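Below is one structure, written out as structure tokens, with a few remarks after it.
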Amino acid sequence: MVIVHISAECYPMAKAGGLADVVGALPKYQNQSGEKACVVMPMYKTPFLEKNEWEVHFKGNANLGDWFFNYTVIKLKSNELGFDLYLIDINGLLDRPKIYGYNDDNDRFIGFQIATLNWLKHWAEQPDLVHCHDHQAGLIPFMMKHCYDYQQLQNIKTVLTIHNAQYHGAMGWDKSILIPKWDQWKRGLLEWNNSINPLAAAVKCADKVTTVSPTYMNELVLHSNGLEKLFEIEKAKCIGILNGIDAAIWNPATDPMIPFHYNIANVTEGKRKNKVAICNRFHLDFEKPLFIFIGRLVGEKAADVLPGAIQHALDKTNCGANFLIIGSGDTSVESALNYLVQLYPGSYNTFIGYDEKVGHEAYAAADFLLMPSRIEPCGLNQMYSLRYGTIPMVRDTGGLHDTVVDIGDENGFGIRFLHANENDIVYSIERAICLFNNRDHMKKLITHCMEIDHSWESVVEAYDHVYKSII
Ligand code: GLC
């Protein structure tokens, strides 16, 4: 099967969140299982672009409204990623340093989708399946089925995977002139709430819709930022498939980004050395349990609750724990988190920014990972932390519900709480400290965590099943 993934992000070319990790891994494992999967994404000006060699694969032109533009498809020369990576270069529109955050993002992603389909029309290797990720590729199923320009792609099946239904990419009807011609009576397929809504259009037009965990699939009918009714109507073609993680990259026995390697047999010693290293660097006390948070400092991740909860926990336990917060996001949250550094020297620190290596080092060093997310479609960090023997503490939602079992339940290995508020977080921290003081129990749980398998192989089978159900 020839599968083309279309996405705004793909690790290591461009990453803003978990979407990049998934799109950077799934095709590799699909190829290993005998499919032929590749990725198409915009050509941003990222360090990965500059560092690698590319070959020109195709040159074409198309229209975005009344703007006639040329585009070039370039392909990564090496096969180090385990899949072919194609970038769409549109001068002036996509070739910028950031992935998102420009005033003309709608135009940029429509231009990207138009150029992609224009190229696919000319591609010798006709795909069996086009797999779109999130709203930035959400107009593709509609355009393939209904735009005159792409009639020859009409019979190719499409799958949409939703990594986050909070974002729809909605825009006013004035933007409809950017979409290549289609029969106006099909307007309803693009529309939701009087706007053009690319995510809704993809849910309506794709042959199958998946999201990244079974529990999040159930939640979409209740909370999806306005699309609840649509998910209710389209339920029959929707399915939740839990993400995998790249067990080759996330492996404490070989990870080149961590200072000391370890496996289940020597985990106590291995984690101890990594913890000493990170505690020295961030002026923390190695004897105390180390809690980390890694992620975007935004409301969705409940990062705004952290400053109050941590302060409360440190006061209540007389600084009986260490906290290290890694991430960036809302400036008010960043400053509230930074403010605590002076109040709790030796027990608390932050790393404001995004750095893949610091993240890996923290997973290897920490005792507990805190994820109080208000919304978490799947969540990858809790799965990375399991691999590194770091006990996850999560709010009971979405993919967190599907991947973490509370120590109070049968076969439990993590800590789960109901609300993203100070009380629940502080109470969970107290439970964690108790656990930390019971070394034997803690050791058993760490071993249990490291034995859990979230590798991609079984996930690839689940996607294969979805593809085969429509081809
Ligand atoms: C988004 C979601 C996250 C998920 C990731 C990969 O970032 O917020 O929960 O794990 O996509 O699917």
Side-chain angles (χ1 to χ4, degrees), residues 5-30 39 41 99-101 131-138 159-169 199 202 209-220 223-225 227 238-247 249-250 293-303 327-330 354 356 359 363 369-387 392 394-404 420 454-456 458-460 462-463 466:
H5 290 274
I6 305 180
S7 170
E9 296 182 35
C10 175
Y11 182 79
M13 167 63 194
K15 169 168 170 174
L19 166 65
D21 287 341
V22 170
V23 177
L26 172 60
K28 166 167 131 187
Y29 289 94
Q30 288 179 323
V39 174
M41 68 184 298
I99 306 174
Y100 318 110
H131 192 148
C132 306
H133 297 267
D134 276 353
H135 75 82
Q136 295 86 0
V159 171
L160 164 75
T161 293
I162 300 172
H163 298 261
N164 194 333
Q166 285 302 102
Y167 305 98
H168 305 168
L199 192 71
V209 176
T210 75
T211 187
V212 289
S213 71
T215 295
Y216 189 58
M217 187 76 256
N218 297 335
E219 290 174 0
L220 288 177
H223 319 278
S224 44
N225 205 6
L227 299 186
C238 298
I239 174 174
I241 300 178
L242 195 67
N243 283 330
I245 58 168
D246 199 325
I249 292 181
W250 298 93
F293 170 94
I294 303 184
R296 286 177 300 126
L297 302 174
V298 295
E300 224 178 287
K301 305 288 176 196
S328 62
D330 296 345
Y354 167 73
E356 198 74 11
Y363 287 116
L369 170 89
L370 199 49
M371 274 182 96
S373 311
R374 291 194 174 91
I375 296 167
E376 199 61 82
C378 175
L380 300 172
N381 292 1
Q382 80 280 16
M383 297 199 257
Y384 298 148
S385 93
L386 293 173
R387 277 290 274 169
V394 304
R395 189 172 96 77
D396 192 358
T397 186
L400 298 176
H401 174 89
D402 295 336
T403 50
V404 177
H454 280 296
S455 53
W456 274 104
S458 56
V459 186
V460 163
Y463 277 106
V466 168

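Quick note: residue numbers are just sequence positions, from 1. Just so we're clear, the structure is a prediction, and the values are computed from it rather than from any experiment. Ligands are counted one by one from 1 in listed order, and the atoms in each one are counted from 1 as well.
Residues satisfying the ring-ring contact (aromatic ring centres under 6.0 Å, His included) test with H168, not counting sequence neighbours, are none. Residues satisfying the side-chain contact (heavy atoms from CB on, under 4.5 Å) test with I241, not counting sequence neighbours, are T210, I239, V459, A462, Y463, V466. Residues passing the salt bridge (charged side-chain N to carboxylate O under 4.0 Å, His left out) test with D396 are R416, sequence neighbours excluded.
A donor-acceptor pair is defined here as one N or O able to donate and one able to accept, closer than 3.5 Å; such a pair exists between the side chain of N381 and the backbone of I294.
Classified by interplanar angle (parallel below 30°, tilted 30° to 60°, perpendicular above 60°), the ring pair Y29/W456 is parallel.
Within 4.0 Å of ligand 1, contacts by protein heavy atoms are made from G18, L19, V22, H163, N164, V212, N243, K301, E376, P377, C378, G379, L380.
If you run side chain to side chain donor-acceptor pair (under 3.5 Å) between T397 and each of R374, E219, E376, only E219 comes through.
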